[in-house]
Undergrad: 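Shown below is the structure under consideration.
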Amino acid sequence: MIEPIGNQYIVARPVYSANAFGEEHKKKQRHHKTFLDHLKVCCSCSTQKAKRIALSLFPIASWLPAYRIKEWLLSDIVSGISTGLVAVLQGLAFALLVTIPPSYGLYAAFFPVIIYFFLGTSKHISVGPFPVLSMMVGAVVVRLTPSESTAALELSNSSMSNDSSADEYKVMVAATVTILSGIIQLLMGVLQIGFVVIYLSESLISGFTTAAAVHVLVSQLKFMLQLNVPAHTDPFSIFKVLNSIFTQIEKTNIADLVTSLIILLIVFVVKEINQRYKAKLPVPIPIELIMTVIATGVSYGFDFKNRFEVAVVGEMKRGFQSPSAPDMQIFQETIGDSFGIAIVGFVVAFSVASVYSLKYDYPIDGNQELIALGLSNIFSGSFKGFAASTALSRSGVQESTGGKTQIAGLLSAIIVLIVIVSIGFLLEPLQKSVLAALALGNLKGMLMQFTEIRRLWQKDKYDCLIWIMTFIFAIVLGLGLGLAASVAFQLLTIVFRTQFPKCSTLANVGRSNVYKNKKDYSDMYEPEGVKIFRCPSPIYFANIHFFKQKLIDAVGFNPLRILRKRNKALKKIRKLQKKGLLQVTPKGIICTNDGFKDSDEELDNNQIEGLDQPINTTDLPFEIDWINPPIDGNALLPLNTMVPKISLHSLILDFSAVSFLDISSMRGLKTLLQEFIRINVDVYIVGSDDDFIEKLVQCEFFDDEVKDSIFFLTIHDAVLHILMKKDYSASKFNSSQEKQPKFDFTINTNGGLRNRECRVPVETKF
C-alpha cells in the first residue's frame with residue numbers, strides 16, 4: 001500500500017525476495033510468438049492490409065489529396081524556382097567531383113527528384129547531388145579509369161570532345177556504381193533493414209562529413225588553380241594530391257585563381273547575411289545564381305577562354321542521353337564501394353529528413369526512404385546520372401523559401417529540365433573555377449563542425465574520440481576505407497564501454513530507501529558487515545574478469561585466497577589431531593607439542609582443487625569461528641596458522657543495469673558466488689529482470705550452494721532481509737552470554753530507517 005503525504009509517501013509492504021514476490025503475485029501466462037506466428041501475420045492478406053501497403057509504397061496518395069492549393073501552392077512555386085536554380089548550379093559543380101563532364105550533373109539533379117516525388121515520405125528535403133557522395137563516386141571512377149586515359153583528369157585548353165572516349169568510360173563507371181548502390185538501397189528497404197542507420201552515430205557522421213569536406217576542398221584546388229594534378233585513390237591520397245599541387249604552384253592560372261577567390265569571398269559573405277537576417281529576409285538571397293550569371297557574362301564578354309586560357313564548362317548537349325545497361329564487370333569490382341555509398345547516402349538523407357519531420361510534426365519511414373532513394377539512384381544511373389542523396393544547403397533553401405510539400409521539389413525538377421533541354425548552352429562560357437568556388441561555398445556548414453569537438457569532449461569523451469578517429473581515418477585512408485574503419489572503431493568503443501564499466505559501491509543516503517555511490521554524498525550509511533556493489537553494464541566473456549577484480553577491490557579481499565587459506569589451516573589441524581597433539585579445553589584449543597611444524601611447501605603442493613572445495617568441519621570435535629576469533633584474530637588456530645579475518649558477512653550485487661549474461665560469464669559468476677558462499681559470506685542479487693532469472697534457470701545456474709532465493713526485488717529489500725536475519729540469529733543465543741551494543745535499522749512510518757539498539761553476542765562454539 002502506498003499512502004502519499006504531501007511530497008512524501010509511506011510504503012507498507014513485506015520484504016520481498018524474488019521467490020516471495022512470485023508466490024504472492026502470480027504472473028500471467030503469456031504466449032510468445034514464434035517465427036511461424038510472425039510469418040503467418042506477414043503472409044496474411046486483407047483489404048485493409050493491402051490499402052496500408054499501397055499507401056506506404058506510394059506516400060503521395062496520402063498527402064496529395066489533402067493538398068491545400070490556396071494556402072500552399074504559391075509558396076511551393078517560389079520555393080521550387082529557388083531550389084531548382086540552386087540544383088542546376090550544384091549539379092554542374094558536383095559533377096566535377098565525380099570527374100565527369102559538368103552537364104551530366106544535371107541528370108543527377110533531375111531524375112531522383114521525380115522518383116522521390118512519388119515514393120518519398122519527407123515533405124521538405126531536396127533530393128539530388130551531395131558533395132560527399134560525389135567524392136565517393138569520383139574516387140571509384142578514378143580508381144577504375146584505365147591508366148592510359150588518366151590524362152582525361154587533367155585540365156587543358158582542349159575541348160571535351162578530344163577525350164570523349166575517356167569521358168564516356170568515366171560516365172559508365174559512375175552510372176554503374178550509382179545503379180548498384182540504388183539496388184542495395186532498394187533491397188535494404190524491401191527487406192525492412194533500415195535499422196542499419198543506428199550503427200552510424202551522430203559523432204561518426206559529423207566527423208565523416210567534415211573529413212569529406214576537406215577532401216572536397218583539396219579536390220577543388222586543382223580547378224581553382226588550373227593545375228594538371230594526377231588523381232590518387234589509395235590511402236594517403238590527399239597528401240599526394242597536396243604534394244602535387246605545391247610542386248606545380250608556379251603554374252597557377254592567375255585569372256582562375258582571382259575569379260574563384262572573388263566568388264568564394266562574396267558567397268561566404270552573402271551566406272552569412274542570409275543566415276544572420278533570415279528572419280527579416282522574405283527569401284534568402286540567391287547568391288549562387290547571381291554570381292553564376294555575372295561570371296558567365298564576364299567570361300563570355302571578355303573572352304576569358306582565349307585571352308587567359310581558363311578552363312570552361314564547354315559543350316552542353318541538349319536533351320537526355322539514351323539509357324544504358326550497367327557494366328557487370330564494374331559491378332563485381334565496386335560492390336564494397338557501392339555499399340558504402342548506399343549507406344552514407346541513406347544516412348544523410350534520413351538525418352536531414354528527421355530534422356524536418358520533428359520540426360513540422362509528420363512521420364517518416366526509414367524503410368520507405370530506402371526504397372525511394374534506391375529507385376531514384378537506379379533511374380538516375382540508367383540515364384547516366386550519378387548517386388544522389390540530399391544536400392543540406394539545397395534542402396535549407398527549399399524549406400526556408402516556403403516549401404510545404406514535394407510539389408516544390410517537382411517544380412525544381414522542371415527548372416532543371418528547362419536547362420537540360422533549352423538553355424543549357426548559355427552556361428558553356430562559365431569557368432570551372434567558378435563552379436569549384438560555388439561547391440566550396442556549400443562546405444562552410446560541414447567545415448564548421450570542427451567546433452563540435454569541444455562540445456563533445458565536455459559531454460562524452462567516447463563520442464569525441466569517435467569524431468576524431470573518424471576524421472583521421474577518412475582523411476588518411478580515404479572515404480571508402482575510412483568509413484569502414486570508423487564503423488569498426490565505433491563498435492570497438494562500445495566494447496570498451498562495457499568491458500571496463502564504472503562499477504561502484506553503494507550506500508544508504510539519509511537513512512531512506514535510496515542507495516547511491518558512497519563517494520558522492522556525505523550523509524551516507526553503510527550497514528555493518530554489508531557491502532553493496534553495482535555493475536552498470538552487461539556481463540559477458542570480455543568483462544567478467546574485470547567485474548571480478550572490481551568486486552574484489554570493493555570488498556577488500558579475494559574470496560578464493562581466503563578459502564584456500566582456511567582449507568590449508570584445516571589440513572594442518574587435522575594432521576595435529578591425527579597425531580594427538582591437539583587438546584580441546586573450555587578456553588580454546590591447546591597444542592601439546594609446540595615444536596611441531598608443518599611444511600608450507602608440502603601444503604602448497606597439494607592439489608588446488610581440494611583447497612577450492614567448501615569448508616567441512618564435521619569431522620572435528622569443535623567448530624572454528626572464522627568471523628569472530630578472539631583478540632589476535634588467529635588464537636583459535638594453533639601453531640601460528642595465519643588466516644585473514646574478514647568482517648563482511650553479506651554481499652549485495654545490484655544487477656538492475658545488467659541486461660544479459662553469456663555462458664562464459666555465467667560460469668565465472670557462479671564460481672565467484674560459490675567462493676563467497678564457502679567463506680560464509682551471504683550473496684544477494686537485486687534488480688534483475690524476470691527474463692534474466694529465467695535464463696539462469698534454463699542454463700542450470702542454481703545448485704545446493706547457489707540458490708534461487710538469493711534474488712530480491714530492490715536493494716532495500718535485501719538490506720532489511722539481512723538485518724532481520726542477523727537479529728534472528730542473535731535471538732538464538734541465551735541471555736547469559738556476553739553482549740555488545742550494535743546499531744540496527746527498521747522501516748519507520750515515513751518509509752525511512754530508524755535506530756534500534758540490540759544486543760549481539762560474540763561466541764566461540766565448541
Side-chain angles (χ1 to χ4, degrees), residues 1-18 20-21 24-25 459 501-537 547 550-557 627 646-659 676 681-689 692 709-731 739-760:
M1 180 182 71
I2 302 178
E3 181 180 349
I5 302 178
N7 64 346
Q8 298 182 346
Y9 62 89
I10 298 175
V11 179
R13 66 169 178 83
V15 174
Y16 280 128
S17 66
F21 185 83
E24 184 171 334
H25 303 277
K459 291 186 175 181
K502 294 183 179 180
C503 301
S504 57
T505 302
L506 308 183
N508 186 278
V509 181
R511 298 186 183 274
S512 64
N513 63 344
V514 177
Y515 293 82
K516 294 289 185 179
N517 190 332
K518 70 177 185 179
K519 296 180 180 179
D520 295 339
Y521 299 89
S522 56
D523 55 336
M524 306 294 288
Y525 159 70
E526 189 173 21
E528 184 179 350
V530 178
K531 189 70 67 174
I532 307 170
F533 184 78
R534 182 176 187 270
C535 180
S537 75
F547 167 79
K550 283 293 184 181
L551 180 57
I552 290 174
D553 294 341
V555 299
F557 61 87
I627 305 299
I646 60 173
S647 59
L648 184 70
H649 59 72
S650 299
L651 173 64
I652 300 175
L653 302 178
D654 181 8
F655 276 13
S656 55
V658 179
S659 56
F676 277 105
V681 176
D682 297 329
V683 183
Y684 303 92
I685 299 177
V686 302
S688 298
D689 187 76
F692 180 89
S709 58
I710 65 175
F711 288 92
F712 281 78
L713 297 189
T714 66
I715 298 176
H716 205 53
D717 284 307
V719 170
L720 294 177
H721 170 78
I722 292 169
L723 297 178
M724 290 187 294
K725 181 179 179 181
K726 292 304 175 184
D727 283 351
Y728 174 75
S729 299
S731 66
K739 300 179 181 180
Q740 297 177 349
K742 179 182 177 182
F743 290 105
D744 203 354
F745 300 88
T746 59
I747 298 180
N748 203 346
T749 55
N750 64 356
L753 297 174
R754 62 180 175 84
N755 291 343
R756 182 185 66 193
E757 185 177 299
C758 65
R759 307 287 288 177
V760 180

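We use all heavy atoms of the structure for the numbers below, so side chains are in, but hydrogens, waters and symmetry mates are not.
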Undergrad: Is the shortest distance from a Lys or Arg side-chain nitrogen in K725 or D682 to a carboxylate oxygen in the other one below 4.0 Å?
TA: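 Salt bridge flag = yes for D682 with K725.
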
Undergrad: If you take all heavy atoms of I652 and A718, which pair is closest and at what distance?
TA: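 Answer, listing the atom of I652 first, then A718: CD1-CB, 3.8 Å.
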
Undergrad: State which residues pass side-chain contact (heavy atoms from CB on, under 4.5 Å) with I715; sequence neighbours excluded, sorted by chain then number.
TA: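 Per chain and number, I715 pairs via side-chain contact (heavy atoms from CB on, under 4.5 Å) with L506, Y515, I532, D654, V686, V719.
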
Undergrad: Using side-chain contact (heavy atoms from CB on, under 4.5 Å) as the criterion, list what pairs up with K516, not counting sequence neighbours.
TA: V509, V514, Y521

Undergrad: Measure the spacing between CD of E528 and CD1 of I722 and express it to the nearest 0.5 Å.
TA: 13.0 Å

Undergrad: Can you tell me how far the NZ atom of K550 sits from the CZ atom of R534, to the nearest 0.5 Å?
TA: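 Here the rounded value is 14.5 Å.
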
Undergrad: Tell me if the aromatic rings of F547 and F533 count as close, with their centers under 6.0 Å from one another.
TA: yes

Undergrad: How many angstroms lie between atom CG of L713 and atom OG of S656, to the nearest 0.5 angstrom?
TA: 12.5 Å

Undergrad: So do V681 and I646 actually touch side chain to side chain, heavy atoms under 4.5 Å?
TA: yes

Undergrad: Atom OG1 of T714 and atom CZ of F21: how far apart are they, to the nearest 0.5 Å?
TA: 11.0 Å

Undergrad: If we only count heavy atoms from C-beta on, is the L551 to F676 side-chain gap below 4.5 Å?
TA: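 Yes, their side chains come closer than 4.5 Å.
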
Undergrad: With side chains defined as the heavy atoms from C-beta onward, is the minimum distance between S709 and S17 less than 4.5 Å?
TA: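 No. Closest side-chain heavy atoms not under 4.5 Å.
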
Undergrad: For residues Y525 and K518, determine if any side-chain heavy atom of one lies less than 4.5 Å from a side-chain heavy atom of the other.
TA: no

Undergrad: Under the rule for salt bridge (charged side-chain N to carboxylate O under 4.0 Å, His left out), what residues qualify as partners of K531, not counting sequence neighbours?
TA: E526

Undergrad: If you look at every heavy atom in L648 and G529, which pair is closest and at what distance?
TA: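 Distance-wise, the nearest heavy atoms are CD1-O, 3.3 Å.
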
Undergrad: Holding to side-chain contact (heavy atoms from CB on, under 4.5 Å), I want the full list of residues that pass it with D520, two or more places apart in sequence or in another chain.
TA: N517

Undergrad: Looking at CG of N508 and NE2 of H716, how far apart are the two atoms once the value is rounded to the nearest 0.5 Å?
TA: 7.0 Å

Undergrad: Residues two or more places apart in sequence or in another chain: which of them pass side chain to side chain donor-acceptor pair (under 3.5 Å) with S659?
TA: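 Counting only residues at least two positions away or on another chain, S659 forms no side chain to side chain donor-acceptor pair (under 3.5 Å).
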
Undergrad: Rounded at 0.5 Å granularity, tell me how far CZ in F655 sits from OG in S537.
TA: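 One finds 10.0 Å between CZ of F655 and OG of S537.
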
Undergrad: Mind checking what makes ring pair (Phe, Tyr, Trp, His ring centres under 6.0 Å) contact with F712, not counting sequence neighbours?
TA: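 Only Y684, H721 meet the ring pair (Phe, Tyr, Trp, His ring centres under 6.0 Å) criterion with F712.
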
